[in-house]
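Not measured: the values here are computed from a predicted model. Just so you know, ligand 1 is whichever comes first in the structure, and atom 1 is the first atom listed for that ligand.
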Amino acid sequence: MASKKQFVVIGLGRFGGSVCKELVRLGNEVLALDTDEQKVNEFAKYATHAVVADSTDERALISLGIRNFDSVIVAIGDNIQASILTTLLLKEIGVKHVCVKARNTYHHKVLVKIGADRVVHPESDMGRRIAQQMSDENVIDFIELSDEYSIVELIASPKIEGKTLIDLNIRARFGITILAIKKGNDIDISPLPNYQISHKDLLIVIGHNDDIKRFEDQVM
Ligand code: ATP
């Protein structure tokens, strides 16, 4: 289990708000910050602390002790100038890890140049994710590790019902690895070679996207 961390979420719109709630749900400490008092009041019941502050005000950031937090998420959307200035100040103050929501590719480039540790595009990332899942009925979920490699959750088809992992010989034939198999609420990590697959088991595989596709086309 990962140890609990201390986060700051700047901007409590839909994205920042859901990041804040989920971090708290996972047991982390979260300081929620927004210029909008109504938003701050709304999040006071979720976050560990909620404060009204302007993240482009360096003195406000320093007085909140922002440097001591493990990670800061900048979820300011529309005001690109405020997002950039906030990121710059956070890195100048010495925050170790800054994750920023970008509006577009130019915004992304600037954020990387000024030292953002991670830049995310929630709307386009989610759009790609949903399209991937909808275009392939076997794919339940996936995590893109790079442009070429992914972890994919595939639903076992009736074609491989009763087959063992030895029968399928997946690693030798396709160069991909089954990390785990989910059956209902149970999860079998590193399943043994004699594991017998049932229809609707969820296979969590890691590998090159082309190899995963070959496996799906030839086996699933
Ligand atoms: P979402 O799509 O996630 O709902 P958005 O992309 O439309 O949000 P905004 O609504 O523009 O983003 O901003 C998110 C939040 O950031 C707002 O609640 C806004 O008050 C807050 N915010 C904007 N500028 C600052 C700032 N300088 N300091 C702190 N909070 C800020």
Side-chain angles (χ1 to χ4, degrees), residues 2 4-135 141-145 147 150:
K4 303 307 176 196
K5 293 189 176 149
Q6 295 185 310
F7 293 89
V8 183
V9 177
I10 298 175
L12 301 168
R14 283 162 302 177
F15 173 66
S18 70
V19 169
C20 172
K21 287 183 194 169
E22 188 63 10
L23 286 170
V24 173
R25 194 188 70 77
L26 293 168
N28 298 289
E29 278 185 32
V30 179
L31 168 65
L33 187 157
D34 203 297
T35 42
D36 181 339
E37 190 173 354
Q38 216 179 324
K39 288 266 171 61
V40 172
N41 290 337
E42 188 191 327
F43 278 83
K45 60 176 177 285
Y46 303 111
T48 322
H49 304 286
V51 292
V52 179
D54 182 344
S55 61
T56 61
D57 176 351
E58 187 173 10
R59 277 176 307 178
L61 296 179
I62 291 171
S63 68
L64 287 166
I66 217 142
R67 191 175 187 278
N68 303 316
F69 286 80
D70 295 304
S71 187
V72 179
I73 296 100
V74 182
I76 300 171
D78 289 343
N79 189 342
I80 291 182
Q81 191 178 325
S83 157
I84 291 170
L85 182 52
T86 300
T87 307
L88 190 65
L89 291 174
L90 293 170
K91 290 314 291 183
E92 273 182 6
I93 291 169
V95 176
K96 287 186 284 293
H97 188 266
V98 180
C99 170
V100 194
K101 167 181 159 167
R103 253 282 177 271
N104 54 48
T105 45
Y106 300 110
H107 187 192
H108 183 128
K109 276 189 186 168
V110 175
L111 292 170
V112 171
K113 277 257 184 283
I114 61 174
D117 300 282
R118 182 168 179 197
V119 180
V120 293
H121 299 255
E123 291 92 353
S124 54
D125 291 350
M126 187 49 93
R128 277 193 16 248
R129 232 179 145 72
I130 288 174
Q132 287 255 8
Q133 286 169 17
M134 290 180 73
S135 71
D141 204 357
F142 80 101
I143 299 169
E144 220 173 50
L145 299 173
D147 285 348
S150 306

(request) Taking the side chain as every heavy atom from C-beta outward, state whether S55 and L90 have any atom pair closer than 4.5 Å. (result) no

(message) Could you check whether any side-chain heavy atom of I84 comes within less than 4.5 Å of a side-chain heavy atom of H107, counting everything from C-beta outward?
(response) yes

(request) Among all protein heavy atoms, pick the one closest to atom 22 (N) of ligand 1 and tell me residue, atom and distance. (result) T35 OG1, 3.9 Å

(request) Name the option, out of S18, G77, P122, that contains the heavy atom nearest to atom 5 (P) of ligand 1. (result) G77

(request) Indicate yes or no: does an N/O atom of E123 lie under 3.5 Å from an N/O atom of ligand 1? (result) no

(message) Using heavy-atom distances only, which candidate in S83, A75, A82 approaches atom 14 (C) of ligand 1 most closely?
(response) A75

(message) Looking at non-hydrogen atoms alone, which of R14, R103, Q81, E37 comes nearest to atom 1 (P) of ligand 1?
(response) R14

(message) Looking at non-hydrogen atoms alone, which of I10, L85, I76, L12 comes nearest to atom 24 (N) of ligand 1?
(response) I76

(message) Which residue and atom name correspond to the protein heavy atom nearest atom 3 (O) of ligand 1, and how close is it?
(response) F15 N, 2.8 Å

(message) Contact between D78 and R103 at the side-chain level, heavy atoms closer than 4.5 Å - yes or no?
(response) yes

(message) With a 4.5 Å cut-off on side-chain heavy atoms, are S83 and K101 touching?
(response) no

(request) Report the member of G11, A53, G17, G16 with the shortest heavy-atom distance to atom 16 (O) of ligand 1. (result) G11

(message) Tell me whether the count of non-hydrogen atoms from other residues, nucleotides or ligands lying under 6.0 Å of NZ in K5 goes above 12.
(response) no

(request) Identify which one of V120, V9, I76 satisfies the side chain to side chain contact (heavy atoms under 4.5 Å, CB included) criterion when paired with F15. (result) V120

(request) For atom 10 (O) of ligand 1, decide whether some protein heavy-atom distance is shorter than 4.0 Å. (result) no

